[in-house]
There are 2 protein chains.
Amino acid sequence: MNGTISKQALRRLPFYLEYLKKKQTEGVRNISATTVANDLKLNEVQVRKDLAAVSLTGGKPKTGYVATELIRDLESFLGYDNTKEAVIAGAGKLGQALLAYKEFERYGLDIVAAFDTDESVVDGKRVLPAEKMSDLCSRLKIHIGIICVPPECAQQVCDEMVACGILAIWNFTSVHLSVPSGVLVQYENLAASLAVLSQNLEFEIRDGHIF
Amino acid sequence: MNGTISKQALRRLPFYLEYLKKKQTEGVRNISATTVANDLKLNEVQVRKDLAAVSLTGGKPKTGYVATELIRDLESFLGYDNTKEAVIAGAGKLGQALLAYKEFERYGLDIVAAFDTDESVVDGKRVLPAEKMSDLCSRLKIHIGIICVPPECAQQVCDEMVACGILAIWNFTSVHLSVPSGVLVQYENLAASLAVLSQNLEFEIRDGHIF
DNA sequence: GTCAATTCGATAAATTTTTAACGATTTTGC
DNA sequence: GCAAAATCGTTAAAAATTTATCGAATTGAC
């Protein structure tokens, strides 16, 4: 257990966790970094380092890690055992999908409310009028805001969030957001992912693995 | 114009594009890498290199790039002008959101159909029964598959896609997919993004920029 | 018990990505 | 025209990330 971890490594942790849980349901008790690496098609040393960074007990030569312990350590490191509250701005299709996304619960994220111009109900959760966002965030001391509004309003909504105490913003729009220092913006950019995907695809097709 | 570009840089391109288009609507004709970097809070050299890698004409000292040309080059490089067809497996909330996501059109992605156990209609697009996926993908020579099914079925759906000629898979589930070499999997992992977000948030709170 | 096989953890090398430094080029103002 | 300011593109350095190497520790077979 190291405490610090690279950003890239951090992104891999949820993968390990998912994998380990699956293995556990299959009855696996011990698991080595080697096995994880082979199954997930990752470099062995990379996996070993990643796991070493989060595991409290470490692994044992020849046997590897105890699955239950490693899962616990991963969940703890990722903060899945310590629920954080968030709000969503924008209850269009994407906002609704996130609002209804059951997995967030497992990841320690509780979406307490969504806001939009039109009130409605999604999956049993109420969508409140946008004007109420500031008040609710301040009162409940919400620190995470998720932005799913149309690009034109993104910056304005962002400013509102910052004003009422939000410290981290998960931005699902494609626009850049200006925030004061001390506020985090994490971009979830479908266009960027798609770009990587199609570029690689083209590469594969052209450079001849296929055809 | 270089042709090759790093994966990280590729992910930044859609950002530049979005930004440039916004600037253009504001009447900007020429724009420098310096300005882009300042506005997007990126390193100047990085932006300059990224743009140099895609721009055919290059920029001119003192004036920078011609906005229209740079936009065109970015779109061309990203393949937005050359539409690729894709199918979606799984028309739950997320699948529906993607199916209805208008922006994909601008990114050169055309989702021609979605498949699920229950037939339905989403946003004017038909959701077809899952059994028809293989046939349709083969006939239309679809190369991109988007997976939004529950994690338990992900691998099975993936295998089906591979079997009918899909070469690139955009995986919105949290499970690892095994594919033969020559098939690409791009993971879109909300859990991973969330992990990065909350880790950074915790960091900020603890290490005292805030409180 | 000893030996071979496996895995860990650490240190070192290689690669990739980001950032800095600098000369060359073009515009603007005089 | 000429000097100053701004920007480009290139080359070099720094930082981050990935991959390789190696000795030590543990298990299981003989």
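Note: hydrogens, waters and symmetry copies are ignored here, and every other heavy atom, side chains too, is used. Here is the naming used below: chain letters follow the sequence lines, and residue numbers restart at 1 for every chain.
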Novice: State whether A:E75 and A:K21 are salt-bridged, where the test is any N-O pair (Lys NZ or Arg NE/NH1/NH2 against Asp/Glu carboxylate O) under 4.0 Å.
Specialist: yes
Novice: Between C:dA21 atom P and B:Q46 atom CD, what is the distance in whole Å?
Specialist: 16 Å
Novice: Determine which pairs satisfy salt bridge (Lys or Arg N to Asp or Glu O under 4.0 Å) with at least one residue from residues 80-100 of chain B, sequence neighbours left out, and list them in order.
Specialist: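 Checked against salt bridge (Lys or Arg N to Asp or Glu O under 4.0 Å) - neighbours excluded - the pairs reaching residues 80-100 of chain B are A:D123-B:K93.
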Novice: Between atom CG in B:L70 and atom P in D:dT7, what is the gap in whole Å?
Specialist: 15 Å
Novice: Ring centroid separation for B:Y101 and B:F104, is it under 6.0 angstrom?
Specialist: yes
Novice: Which parts of nucleotides 9-16 of chain D does protein reach within less than 4.0 Å, heavy atoms only, written one letter per nucleotide 5' to 3' as B for base, S for sugar-phosphate only and - for none?
Specialist: B-BB----
Novice: Of all the choices, C:dA20, D:dT18, D:dT17, which nucleotide is nearest to the side chain of B:N43 once you look at every atom?
Specialist: C:dA20
Novice: Can you tell which of D:dT26, C:dT18, C:dC8 lies closest to the side chain of B:R12?
Specialist: C:dT18
Novice: What is the nucleic acid contact for A:A9, judged by heavy atoms within less than 4.0 Å: base, sugar-phosphate only, or nothing?
Specialist: nothing
Novice: What is the distance from CG of B:L42 to C1' of C:dA20, rounded to the nearest Å?
Specialist: 16 Å
Novice: Between D:dT26, C:dT19, C:dT26, which nucleotide gets closest to the side-chain atoms of B:P61?
Specialist: C:dT26
Novice: Going by an N to O cut-off under 4.0 Å, is there a salt bridge joining B:R106 and B:E103?
Specialist: yes
Novice: Can you see whether B:N30 engages B:Y65 through a side-chain donor-acceptor pair at a distance of less than 3.5 angstrom?
Specialist: no
Novice: Write down the distance between NZ (B:K41) and C1' (C:dT18), rounded to a whole number of angstrom.
Specialist: 19 Å
Novice: In whole Å, what is the span from the NZ atom of B:K7 to the P atom of C:dT15?
Specialist: 19 Å
Novice: In this structure, how many angstroms lie between the C1' atom of C:dT7 and the CD atom of A:E44, rounded?
Specialist: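 It is 8 Å, rounded to the nearest whole Å.
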Novice: For B:K62 and D:dA5, give me the distance from atom NZ to atom C1', rounded to whole Å.
Specialist: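 One finds 4 Å between C1' of D:dA5 and NZ of B:K62, rounded.
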Novice: Between B:D50 (CG) and D:dT7 (P), how many Å, whole number?
Specialist: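 Between P of D:dT7 and CG of B:D50: 18 Å.
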Novice: For A:Q46 and A:D50, does a side-chain donor sit closer than 3.5 Å to a side-chain acceptor?
Specialist: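 Short answer, no.
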Novice: Please confirm whether the backbone N or O of B:L190 pairs with a side-chain atom of A:E188, one donor and one acceptor, at under 3.5 Å?
Specialist: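 Absent.
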Novice: Which of the following nucleotides, D:dT7, C:dT7, D:dT27, is nearest to the side chain of A:T34?
Specialist: C:dT7
Novice: For the aromatic rings, using the six-membered ring if either is Trp, is the centroid distance between A:Y187 and B:F15 under 6.0 Å?
Specialist: yes
Novice: Using a strict cut-off of less than 4.0 Å between a Lys/Arg side-chain nitrogen and an Asp/Glu carboxylate oxygen, indicate whether A:K22 and A:E18 qualify as a salt bridge.
Specialist: no
Novice: Angle between the two end axes of the helix from C:dG1-D:dC30 to C:dC30-D:dG1, five base pairs per end, rounded to 10 degrees?
Specialist: 10°
